[in-house]
Amino acid sequence: MDKITKLTEKLKNHEALLITSEENRKYITSFSSSAGFLVLGKNGSAFFTDSRYIEAAEKEINICPVKLFTDFKDDVAEYIFQHGYSKVHIEAEKTSVARLNFLTKNLKLTKICSDGTLDRSIEKLREVKSEEEISKIQKAQLIAEKAFDEILKFIKPGVREIEIAAKLENIMRTEGSQGFAFDTIAISGKNTSKPHGVPTDNKVNIGDFVTMDFGTVVGGYHSD
């Protein structure tokens, strides 16, 4: 059973899911984009994105039709209305007040449900990882471990914290990381008293402790 079917199986025909967060859109479609709307329902599902991503989305997304987004009211809202969706569930935990006001204004003929139903459905689905997801997590961790082994050869007295952080990130990128799970921490000496210290020009001295905290990203999955 695919992800769309799992998410929509308990919905009534007049209900739809509207997914706007980047991480959940990527989780369901396996396509990464900074902009997009994903409408899911038994009467029809579609992924909307703008001209920057439309070509790539059409090639990579095969679980639902891909449509060009130019205006929310003319495209997304009209699609929801035409497919008979009078109730739309949104991501309560990821929707700002401004976004909620925007949706309320543009979906006047639709009841917007923000009771957390959609959030819980996605969380439950994401709890169990597929073999493909596990493989990405393992690859992310292997890259991080390789980076750790390599950075140990680089750290020595006189090297600055910012150089250690930069070197770490360079190694991770070179080994295949698609980004960084969070801001890289590489601190030494007195700075190690700060759990989330920011790398500085401070140089490593003989006898210093060195604290590092870093993570890689593979297919949207992070190591830590």
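This chain uses plain numbering: 1 for the first residue, then up along the sequence.
Between the OG1 atom in T216 and the CD atom in E175 there is a gap of 10.5 Å [rounded to 0.5 Å]. Between the CE atom in M172 and the CZ atom in F180 there is a gap of 5.0 Å [rounded to 0.5 Å].
With salt bridges taken as basic N to acidic carboxylate O contacts below 4.0 Å, none links R173 and E169.
No side-chain N or O of N202 forms a donor-acceptor pair with one of T200 less than 3.5 Å apart. Between the side chains of S34 and Y53, at least one donor-acceptor pair of N or O atoms lies under 3.5 Å.
D119 places a side-chain N or O within 3.5 Å of a backbone atom of E93 that can act as its donor or acceptor partner. Counting only distance, with no hydrogens or angles, the side chain of S177 and the backbone of V217 share a donor-acceptor pair below 3.5 Å. Of the possible polar contacts, one joining the E91 side chain to the T20 backbone as a donor-acceptor pair under 3.5 Å is found. Under the 3.5 Å distance criterion, the side-chain polar atoms of N43 are matched with a main-chain donor or acceptor of N13. Here the side chain of K136 pairs no donor or acceptor atom with the backbone of G220 at under 3.5 angstrom. Between the side chain of Q178 and the backbone N or O of G219, at least one donor-acceptor pair lies under 3.5 Å.
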For E23 and K94, what are the C-alpha separation, side-chain angles and deciding distance, and is it a side-chain contact (heavy atoms from CB on, under 4.5 Å)? CA-CA 10 Å; E23 59 266 39; K94 300 181 181 298; 2.7 Å; yes
